[in-house]
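Heads up, the thing below is written out as C-alpha cells.
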Amino acid sequence: MFDEKTMCLMAAAPAGDVPVGALVFDAAGRVVGRGVNRREADGDPTAHAEVEAIRAAARELGTWRLDGCELVVTLEPCTMCAGAILGARVASLVFGAWEPKTGAVGSLFDALRDPHHLHTVEVRAGVLAEENAALLGTFFRDLR
C-alpha cells in the first residue's frame with residue numbers, strides 16, 4: 001500500500017541523491033524489501049530505489065522470484081527498473097509521481113505492459129502523485 005511509510009523513505013535517501021523510496025510487500029502484506037536511491041552515495045548507476053528494494057526482498061525471501069509481491073515506489077520507474085521488475089517477476093507495481101523525462105511505465109513508453117513479455121505486471125499509476133511530485137520538486141529547487 002502506498003502510504004506515509006513510502007513517503008518517509010524518500011527523506012531517507014542520502015544527501016545529494018534524488019529522494020526516491022521503494023518498498024516490496026509479500027503476498028501477506030509484509031514488507032520484505034526497502035530501498036532508497038543511492039546512485040550518488042554509492043557511485044553505482046544501478047542503485048535506484050527499486051533495484052535496492054528488489055535486491056533486499058530477494059535476500060529476505062531467499063529467491064529471485066518475487067511472485068505475489070508488490071513493489072511500491074514514489075516515482076515512475078525508468079527502463080532499467082522496469083526491466084528489474086520484469087526480471088524479478090514482481091506481481092504488481094504501484095507508483096506515485098510520473099517521470100516525463102525517463103519514465104518507462106507510461107510516460108515515455110510502457111515497458112511493463114508490452115504484450116510481448118512472458119510476465120505481466122499489474123500497474124497502478126499516479127497514486128499520491130501530487131504529494132510525491134511536490135517532494136521531488138522541492139529537492140530539485142534546492143539543488144539549483
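Residue indices begin at 1 and follow the sequence shown. The basis for the numbers below is simple: all heavy atoms, side chains too, and nothing from hydrogens, waters or symmetry mates. The structure presented is a predicted model; accordingly, all values stated were derived computationally and were not measured.
- Under the rule for a salt bridge (Lys or Arg N to Asp or Glu O under 4.0 Å), Arg39 has no partner lying at least two apart in sequence or in another chain.
- Between Cys81 and Val51, the closest heavy-atom pair is SG-CG2, 4.1 Å.
- Within the structure, no pair that satisfies the salt bridge (Lys or Arg N to Asp or Glu O under 4.0 Å) test touches residues 72-82, not counting sequence neighbours.
- Looking at residues two or more places apart in sequence or on another chain, you find a salt bridge (Lys or Arg N to Asp or Glu O under 4.0 Å) between Arg113 and Asp110.
- One distance of note links CG of Leu75 with CZ of Phe95; it measures 8.5 Å at 0.5 Å rounding.
- Counting all heavy atoms, side chain and backbone alike, Gly126 lies closest to Trp98 at CA-NE1, 3.8 Å.
- Nearest heavy-atom pair, Arg55 versus Glu52, reported as atom, atom and distance to 0.1 Å: NH1-OE2, 3.3 Å.
- Looking at Leu71 and Val94, their side chains never come closer than 4.5 Å, going by heavy atoms from C-beta outward.
- Between Asn37 and Ala49, the closest heavy-atom pair is N-CB, 3.7 Å.
- To the nearest 0.5 Å, atom CD1 of residue Ile54 and atom SG of residue Cys69 are 10.0 Å apart.
- The salt bridge (Lys or Arg N to Asp or Glu O under 4.0 Å) test applied to Asp44 returns no partner, not counting sequence neighbours.
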Verdict with supporting geometry, Leu112 and Ile85, side chain to side chain contact (heavy atoms under 4.5 Å, CB included): CA-CA 8 Å; Leu112 293 185; Ile85 291 164; 4.1 Å; yes
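- The nearest pair of heavy atoms linking Thr79 to Ala104 is N-CB, 3.5 Å.
- Glu60 pairs by the salt bridge (Lys or Arg N to Asp or Glu O under 4.0 Å) definition with Arg30, not counting sequence neighbours.
- Residues in residues 84-97 take part in these side-chain hydrogen bond (donor to acceptor under 3.5 Å, both in side chains) pairs, two or more places apart or across chains: Glu70-Ser92.
- In this structure, Ala111 and Leu86 approach most closely via the heavy-atom pair O-CD1, 3.9 Å.
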